[in-house]
Amino acid sequence: MVAQVYSYRRFSSPQQKFGGSIERQNDYANQIAEEYGLTLNEKLVMTDESLSAFHADHVSRGALGIFIKAV
């Protein structure tokens with residue numbers, strides 16, 4: 001089994017959604033997968049839209065928190 005990269009994307013404000021934030025983070029996940037010879041899992045892509053990292057909302061009530069608990 002080949003190790004996989006799971007994509008997690010987050011941005012704080014709704015305006016960032018339209019500013020290229022998602023595309024930039026997708027490109028980075030692809031770059032990391034390629035650089036380390038890993039497979040990017042495209043079925044499980046986690047996104048926390050408009051959740052603050054400063055207040056840890058992405059962990060307490062977002063996709064990242066769910067993923068961490070599952071792992």
Return the minimal non-hydrogen interatomic distance between [X] and [Y], and the atom names on each side.
X: M46; Y: Y6; value: CE-CB, 3.9 Å
X: N26; Y: S7; value: OD1-OG, 4.2 Å
X: S21; Y: R10; value: OG-O, 4.3 Å

Inset, instruction - Please name all residues satisfying ring pair (Phe, Tyr, Trp, His ring centres under 6.0 Å) with Y28, sequence neighbours left out, ordered by chain then number. - result: none
Do [X] and [Y] belong to the same hydrophobic cluster, where Ile, Leu, Val, Met, Phe, Trp and Tyr are linked whenever their side-chain heavy atoms lie under 4.5 Å apart, directly or via other members?
X: Y36; Y: V5; value: yes
X: L44; Y: Y8; value: yes
X: V59; Y: F54; value: no

Inset, instruction - Kindly check if the number of other-residue, nucleotide or ligand heavy atoms within 6.0 Å of CD (E34) is above 12? - result: no
Inset, instruction - For atom CD of E42, decide whether the heavy atoms of other residues, nucleotides or ligands shown that lie under 6.0 angstrom number more than 12. - result: no
Legend entry - Listed once per pair and sorted, the salt bridge (charged side-chain N to carboxylate O under 4.0 Å, His left out) pairs that draw on residues 55-71, sequence neighbours left out: D57-R61
Inset, instruction - Give me the one residue out of L64, D48, T47 that meets side chain to side chain contact (heavy atoms under 4.5 Å, CB included) with R9. - result: T47
